[in-house]
There are 2 protein chains.
Amino acid sequence: MNIDSDDTDDAGPVSPALPLTSVWTRPQRRQKEQLSRERIIAETIALLDEEGIEALSMRALGQRLGAGATSLYRHVASKDELIELVVDEVYGELEVPELTDPAGWRLAMHVTAHSLRQAGLRHMWVMQVLGQVGLNYLGPNVVSVTQRGLAILTTAGFDTEEAVRAMSSVSSFVVGITSAEAGWLTALRRQGMTEQEWYQNMGPRMAADAADAGLAEIYLQELEKDPTEARLANFVYGLDLMLDSLQVRLAAKLASADEKAQATTASQ
Amino acid sequence: MNIDSDDTDDAGPVSPALPLTSVWTRPQRRQKEQLSRERIIAETIALLDEEGIEALSMRALGQRLGAGATSLYRHVASKDELIELVVDEVYGELEVPELTDPAGWRLAMHVTAHSLRQAGLRHMWVMQVLGQVGLNYLGPNVVSVTQRGLAILTTAGFDTEEAVRAMSSVSSFVVGITSAEAGWLTALRRQGMTEQEWYQNMGPRMAADAADAGLAEIYLQELEKDPTEARLANFVYGLDLMLDSLQVRLAAKLASADEKAQATTASQ
DNA sequence: CGCATCTGCGCACAGTGTGCGCGTCGATGA
DNA sequence: TCATCGACGCGCACACTGTGCGCAGATGCG
């Protein structure tokens, strides 16, 4: 109808007082996206992925968002809360299959475990932070993952208590080994070394100390493998250790349940 | 023979020049213990045990040692190096039995694992720091523990490669679950809550969200147990999952070795 | 006794998380 | 159309961090 206040700011030359703040010099803040919790979380994850956990400061984050450091505090209570938020966000990336056939529990556990490991390697800072935050703050995605993980084991046939124990054991293993991998890889990146270079350096250095001949040998063995695959194989080995035992216990439990059922039907 | 320079400072009134710095006003620095790497490490561990990882600052540490913050840098290159040193020191507390009877490997692994867990619970900050330092820096005690751990498995009958995998798996599990425990306990202590209080609060809160009825039930179950023992039982459950599988694989390996030996002796 | 070396310390710098109050913006009700 | 209001971003400031630098005093050696 009349003046469009978006394009041409009205009454620009009318105000005679301050030529310094004209229509043109005035920062058109609304053209940059507004801050929001979602945008902050997304940018935080990007920053962490690119530059690592030690590079996360509220000032740096604000700069990437075209905002001052303290503006973030309108949307996030503290840096710690921000970290809880991004950790939960990463848990949202996990794939925890829903079980249709109870016999598929082992595959489902494999998928879940690999998914957790992959997420941890994509976002290595998560693993460094998990030890401090402990997963005890219970964001929605963490809760959801926990529930769906437990569902796998209970529909497989474990009772609730054992499902909790088993899930805790498996995820402890996954988190433990993945955070070791992540720490290792980030330490390497900090020094700008490849894994092969490290093993090449470390083998002889260990062999120099006579006592460490055993370890030196191990390091030299590592040189012949593709390190990425070797780490994956280690992971699968440990995971299968646990799943094998779970399978045995499940079979025993189902057998004894069958037996009991047969006994009661026979006695009737 | 002559003046004992330890008790009475010699030649005190002899120097006529500066009355400001008399024997009495002069800081008797040598009476406080001198700084040393050992003393710094010990005091750091004490501080960390008492006040947690976030309370460790070079200034606070210096104060406890009766020294300025920057004095510490004569003995320690950086705060990160100091942390590496104290972590290695804690690894020195571990008990890793030497194996006489190969059949005792399982007990030895139990002892080692429990020892690692106990150390982690005594010094909860270690677990929070392991994710960042990754154990890839190789202090002497860490190396020693690794060697002795591997020795258990190799004298039990595993070949070197599998011993490495197995040790890595077990210790990943132990570190993973212990750091979860440690994070949990420190988070509780920060809020001044007991475990029972938390479960009492969280059960109903979860039940309020209809979807979380399952988890609420679990929390209420937790209320009936002694939490310390429950955590220990969880730990033992997961540890036995791994050791059971290792036992199976070892038996299979020994059997096939026997078989092969018999076959060759039979063919000769 | 004189000299060299080691040790501790004060100062300073850049950088951190975050509380507070101000100005400016967009939407809303009359 | 205009006045009002709540949300939002920002600059400032504070206390605190790790740590490089140069000085002063103490210790040990010739």
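Rounded to whole Å, atom P of D:dG9 lies 9 Å from atom CG of A:L72. Residue A:L82 contributes atom CG, which lies 10 Å from atom P of C:dG17 at whole-angstrom precision. Regarding B:Q63, its CD atom lies at a distance of 10 Å from the P atom of D:dT17, rounded to whole Å. Here C:dC20 presents its P atom at 13 Å from OH of A:Y73, a figure rounded to the nearest Å. The CG-P distance, from A:L61 to C:dG15, rounds to 17 Å in whole Å. Following rounding to the nearest Å, A:R39 (CZ) and D:dC8 (C1') show an atom-to-atom distance of 13 Å.
Out of C:dT18, C:dC9, D:dG18, the shortest distance to the side chain of B:K79 is found at D:dG18. The side chain of B:R74 lies closest to C:dC9, out of D:dT19, C:dT18, C:dC9.
Not counting sequence neighbours, B:R189 has no partner by the side chain to side chain contact (heavy atoms under 4.5 Å, CB included) test.
Between A:H75 and D:dG9 there is a side-chain N or O to OP1 or OP2 distance below 4.0 Å.
The aromatic rings of B:Y199 and B:Y219 are tilted relative to each other, their planes meeting at an angle between 30° and 60°.
Listed by residue number, B:L56, B:S57, B:M58, B:R59 are the residues of residues 52-60 of chain B with a heavy-atom contact under 4.0 Å to DNA chain D.
When atom types are taken as modelled, the side chain of A:T146 and the backbone of A:V142 share a donor-acceptor pair closer than 3.5 angstrom. At least one donor-acceptor pair under 3.5 Å links the side chain of B:T186 to the backbone N or O of B:G183.
For D:dG18, its base never sits under 3.5 Å from the side chain of B:T70 at any donor and acceptor pair.
The shortest distance between side-chain heavy atoms of B:S168 and A:I177 falls below 4.5 Å.
No more than 12 heavy-atom neighbours from other residues, nucleotides or ligands sit within 6.0 angstrom of CD on A:Q63.
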